[in-house]
Q: 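First, the structure itself, so that you have it in front of you.
All values derive from a computational prediction rather than experimental measurement.
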Amino acid sequence: MKLRTFALWFVVFALALPCFAGPMKAGKWQVTITTEMPGMPMKMPPTIFTTCVTKEQAENPQPPAAKKDSDCKISNYKLDGNTVTWTIECPKQKTTGEGKIVYSSDSYIGETHMKMSDMEMTQKYSGKYLGACDEK
(Lines give C-alpha, C1' and ligand atoms only; values in the text may rest on other atoms or scores of the structure.)
Protein backbone atom coordinates (compact mmCIF):
# COMPACT_ATOMS: atom_id res chain seq x y z
CA MET A 1 0.00 0.00 0.00
CA LYS A 2 2.79 2.40 0.91
CA LEU A 3 4.55 1.78 -2.43
CA ARG A 4 1.32 2.22 -4.38
CA THR A 5 0.53 5.55 -2.65
CA PHE A 6 4.09 6.73 -3.21
CA ALA A 7 3.99 5.82 -6.91
CA LEU A 8 0.53 7.32 -7.46
CA TRP A 9 1.41 10.62 -5.81
CA PHE A 10 4.65 10.77 -7.78
CA VAL A 11 2.81 10.32 -11.09
CA VAL A 12 0.24 13.02 -10.24
CA PHE A 13 3.04 15.41 -9.33
CA ALA A 14 4.95 14.63 -12.52
CA LEU A 15 1.93 15.23 -14.75
CA ALA A 16 1.55 18.75 -13.37
CA LEU A 17 5.22 19.66 -13.34
CA PRO A 18 6.12 20.06 -17.02
CA CYS A 19 3.18 22.34 -17.68
CA PHE A 20 4.19 25.09 -15.25
CA ALA A 21 7.88 24.71 -14.68
CA GLY A 22 9.83 27.15 -16.78
CA PRO A 23 10.80 28.87 -20.02
CA MET A 24 8.51 27.00 -22.38
CA LYS A 25 6.90 28.26 -25.55
CA ALA A 26 3.17 28.67 -25.44
CA GLY A 27 1.52 25.90 -27.43
CA LYS A 28 0.99 22.17 -27.62
CA TRP A 29 3.63 19.91 -26.08
CA GLN A 30 4.10 16.14 -26.11
CA VAL A 31 5.38 14.96 -22.74
CA THR A 32 6.99 11.60 -22.00
CA ILE A 33 7.55 10.45 -18.41
CA THR A 34 9.44 7.30 -17.48
CA THR A 35 9.64 5.94 -13.94
CA GLU A 36 12.44 3.87 -12.48
CA MET A 37 12.36 2.12 -9.12
CA PRO A 38 15.49 0.18 -8.16
CA GLY A 39 14.69 -3.38 -7.11
CA MET A 40 11.33 -3.54 -8.90
CA PRO A 41 11.03 -6.74 -10.95
CA MET A 42 9.05 -5.13 -13.77
CA LYS A 43 9.64 -1.94 -15.67
CA MET A 44 6.78 0.56 -15.80
CA PRO A 45 5.77 1.67 -19.31
CA PRO A 46 6.30 5.34 -20.15
CA THR A 47 3.43 7.81 -19.81
CA ILE A 48 2.97 9.93 -22.94
CA PHE A 49 0.45 12.76 -23.23
CA THR A 50 -0.05 16.14 -24.86
CA THR A 51 -0.78 19.36 -23.02
CA CYS A 52 -1.44 22.95 -23.97
CA VAL A 53 0.71 25.60 -22.29
CA THR A 54 -1.02 28.97 -22.37
CA LYS A 55 0.77 32.24 -23.06
CA GLU A 56 0.21 33.21 -19.40
CA GLN A 57 1.73 29.96 -18.11
CA ALA A 58 4.73 30.34 -20.42
CA GLU A 59 5.34 33.95 -19.35
CA ASN A 60 4.78 33.41 -15.60
CA PRO A 61 6.20 30.02 -14.61
CA GLN A 62 5.07 28.73 -11.22
CA PRO A 63 6.20 25.73 -9.22
CA PRO A 64 3.82 22.78 -9.38
CA ALA A 65 1.20 22.53 -6.68
CA ALA A 66 0.87 19.40 -4.60
CA LYS A 67 -2.48 17.63 -4.35
CA LYS A 68 -4.93 19.43 -2.08
CA ASP A 69 -5.00 16.59 0.46
CA SER A 70 -1.20 16.40 0.59
CA ASP A 71 1.20 18.00 3.04
CA CYS A 72 3.92 18.17 0.37
CA LYS A 73 5.71 21.47 -0.16
CA ILE A 74 7.85 22.63 -3.06
CA SER A 75 10.79 24.79 -1.98
CA ASN A 76 14.03 26.15 -3.40
CA TYR A 77 12.24 26.65 -6.74
CA LYS A 78 14.76 28.43 -8.96
CA LEU A 79 14.61 29.51 -12.58
CA ASP A 80 18.13 30.22 -13.83
CA GLY A 81 18.27 30.87 -17.58
CA ASN A 82 16.89 27.73 -19.21
CA THR A 83 17.16 25.55 -16.07
CA VAL A 84 14.59 25.02 -13.33
CA THR A 85 15.43 23.28 -10.05
CA TRP A 86 13.40 22.55 -6.90
CA THR A 87 13.19 20.41 -3.80
CA ILE A 88 10.13 18.73 -2.33
CA GLU A 89 9.29 17.49 1.14
CA CYS A 90 6.26 15.50 2.29
CA PRO A 91 6.52 15.14 6.10
CA LYS A 92 3.52 12.81 6.57
CA GLN A 93 4.85 10.37 3.97
CA LYS A 94 8.45 10.92 5.15
CA THR A 95 9.36 11.68 1.55
CA THR A 96 11.98 14.06 0.17
CA GLY A 97 13.24 14.78 -3.30
CA GLU A 98 14.74 17.13 -5.80
CA GLY A 99 14.30 17.85 -9.48
CA LYS A 100 15.71 19.64 -12.46
CA ILE A 101 14.48 20.47 -15.97
CA VAL A 102 16.60 21.99 -18.76
CA TYR A 103 14.82 23.68 -21.66
CA SER A 104 15.89 24.36 -25.22
CA SER A 105 13.79 26.20 -27.81
CA ASP A 106 11.54 23.27 -28.82
CA SER A 107 12.22 20.60 -26.19
CA TYR A 108 13.19 19.89 -22.60
CA ILE A 109 14.62 17.09 -20.49
CA GLY A 110 14.61 16.63 -16.75
CA GLU A 111 14.29 14.33 -13.81
CA THR A 112 12.94 14.14 -10.28
CA HIS A 113 14.41 11.84 -7.65
CA MET A 114 12.33 10.99 -4.56
CA LYS A 115 13.14 8.94 -1.47
CA MET A 116 10.66 7.48 1.03
CA SER A 117 12.10 5.38 3.85
CA ASP A 118 14.00 2.64 2.01
CA MET A 119 12.28 3.20 -1.35
CA GLU A 120 13.61 5.41 -4.13
CA MET A 121 12.05 6.50 -7.38
CA THR A 122 13.34 8.49 -10.32
CA GLN A 123 11.15 10.01 -13.01
CA LYS A 124 12.65 11.27 -16.23
CA TYR A 125 10.81 13.82 -18.36
CA SER A 126 11.14 14.87 -21.94
CA GLY A 127 9.00 17.31 -23.84
CA LYS A 128 8.69 18.18 -27.50
CA TYR A 129 6.96 21.27 -28.89
CA LEU A 130 4.27 20.29 -31.43
CA GLY A 131 2.92 23.70 -32.49
CA ALA A 132 -0.13 25.78 -31.70
CA CYS A 133 -2.78 24.49 -29.29
CA ASP A 134 -5.94 23.04 -30.78
CA GLU A 135 -8.88 25.43 -31.06
CA LYS A 136 -11.70 24.78 -28.60
Side-chain angles (χ1 to χ4, degrees):
M1 182 66 175
K2 190 184 217 185
L3 176 62
R4 185 175 170 176
T5 301
F6 180 58
L8 179 62
W9 183 90
F10 202 64
V11 169
V12 169
F13 172 76
L15 293 175
L17 181 65
C19 305
F20 304 100
M24 297 177 81
K25 282 184 185 179
K28 188 182 216 180
W29 286 79
Q30 177 179 304
V31 179
T32 302
I33 303 170
T34 58
T35 303
E36 300 170 359
M37 291 184 69
M40 290 297 287
M42 61 182 166
K43 189 173 181 173
M44 296 165 71
T47 301
I48 301 171
F49 63 95
T50 58
T51 187
C52 183
V53 175
T54 68
K55 182 179 179 202
E56 293 77 23
Q57 290 168 330
E59 291 175 352
N60 301 298
Q62 299 293 314
K67 292 177 12 180
K68 290 181 182 184
D69 61 345
S70 169
D71 71 327
C72 299
K73 303 284 185 239
I74 303 292
S75 59
N76 301 319
Y77 177 79
K78 294 182 182 125
L79 173 57
D80 184 16
N82 67 336
T83 302
V84 176
T85 57
W86 66 91
T87 57
I88 184 167
E89 185 174 4
C90 308
K92 285 183 187 173
Q93 294 90 4
K94 297 181 179 138
T95 302
T96 59
E98 69 281 331
K100 176 179 180 178
I101 295 180
V102 179
Y103 294 88
S104 63
S105 61
D106 291 338
S107 64
Y108 67 84
I109 58 169
E111 98 176 23
T112 299
H113 181 78
M114 304 271 298
K115 185 170 183 171
M116 176 184 193
S117 302
D118 60 345
M119 293 183 285
E120 292 188 37
M121 184 181 294
T122 300
Q123 281 195 318
K124 295 183 180 182
Y125 318 104
S126 63
K128 177 172 64 172
Y129 181 73
L130 300 176
C133 292
D134 298 332
E135 295 288 323
K136 288 188 179 184

Q: Do other residues, nucleotides or ligands put more than 12 heavy atoms under 6.0 Å from K94 NZ?
A: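 Not buried by this count: 12 neighbours or fewer within 6.0 Å.
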
Q: Say whether I48 and M24 are linked into one hydrophobic cluster, either directly or through other cluster members, by side-chain heavy-atom distances under 4.5 angstrom.
A: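 I48 and M24: separate clusters.
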
Q: Enter the distance from K78:NZ to W86:CH2 here, rounded to the nearest 0.5 Å.
A: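 Between atom NZ of K78 and atom CH2 of W86 there are 13.0 Å.
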
Q: Mind checking what makes side-chain contact (heavy atoms from CB on, under 4.5 Å) contact with T83, not counting sequence neighbours?
A: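 T85, K100, V102.
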
Q: Kindly compute the distance separating NZ (K124) from CD1 (I33), expressed to the nearest 0.5 Å.
A: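 Output value for this atom pair is 14.0 Å.
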
Q: Only counting residues at least two apart or in another chain, list the ones meeting side-chain contact (heavy atoms from CB on, under 4.5 Å) with L130.
A: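 Here the qualifying residues are K28, Q30, T50, K128.
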
Q: What are the two closest non-hydrogen atoms of G27 and C133, and how far apart are they?
A: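 Taking G27 first and C133 second, the nearest heavy atoms are C-SG, 3.3 Å.
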
Q: Grab the two heavy atoms, one from A58 and one from A26, that are nearest each other, plus how far apart they are.
A: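 Scanning both residues, the minimum pair turns out to be CB-N, 3.8 Å.
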
Q: With rounding to the nearest 0.5 Å, note down the distance linking CE in M119 to OG1 in T95.
A: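 Here the interatomic distance stands at 7.5 Å.
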
Q: Please report the closest heavy-atom contact between P38 and E120, naming both atoms and the distance.
A: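 Here P38 and E120 meet closest at CD-O, 3.5 Å.
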
Q: Looking at CD1 of I74 and OG1 of T87, how far apart are the two atoms once the value is rounded to the nearest 0.5 Å?
A: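 So the gap between those two atoms works out to 7.5 Å.
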
Q: Would Q93 and C72 count as a side-chain contact (heavy atoms from CB on, under 4.5 Å) here? Give the steps.
A: CA-CA 9 Å; Q93 294 90 4; C72 299; 3.9 Å; yes

Q: About how many Å separate OG1 of T96 and CD of E89, when rounded to the nearest 0.5 Å?
A: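 Reported value, rounded in 0.5 Å steps: 7.0 Å.
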
Q: Would you say I109 ends up clustered with Y129 if hydrophobic residues are merged whenever their side chains have heavy atoms under 4.5 Å apart, either directly or through other cluster members?
A: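 The answer is no; the residues belong to distinct hydrophobic clusters.
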
Q: Evaluate the ring planes of W29 and Y108, with Trp represented by its six-membered ring, and classify them as parallel (under 30°), tilted (30 to 60°) or perpendicular (over 60°).
A: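 Ring orientation of W29 relative to Y108: tilted.
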
Q: Judged by modelled atom types alone, do T35 and Q123 share a side-chain donor-acceptor pair under 3.5 Å?
A: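 Note: T35 and Q123 side chains meet the donor-acceptor criterion.
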
Q: So does Y103 get a backbone contact from the side chain of N82, meaning a donor-acceptor N/O pair under 3.5 Å?
A: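 Yes, N82 side chain to Y103 backbone: donor-acceptor pair under 3.5 Å.
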
Q: Once you round to the nearest 0.5 Å, how far does OG1 of T112 lie from CE of M121?
A: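 With rounding to 0.5 Å, OG1 (T112) is 11.5 Å from CE (M121).
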
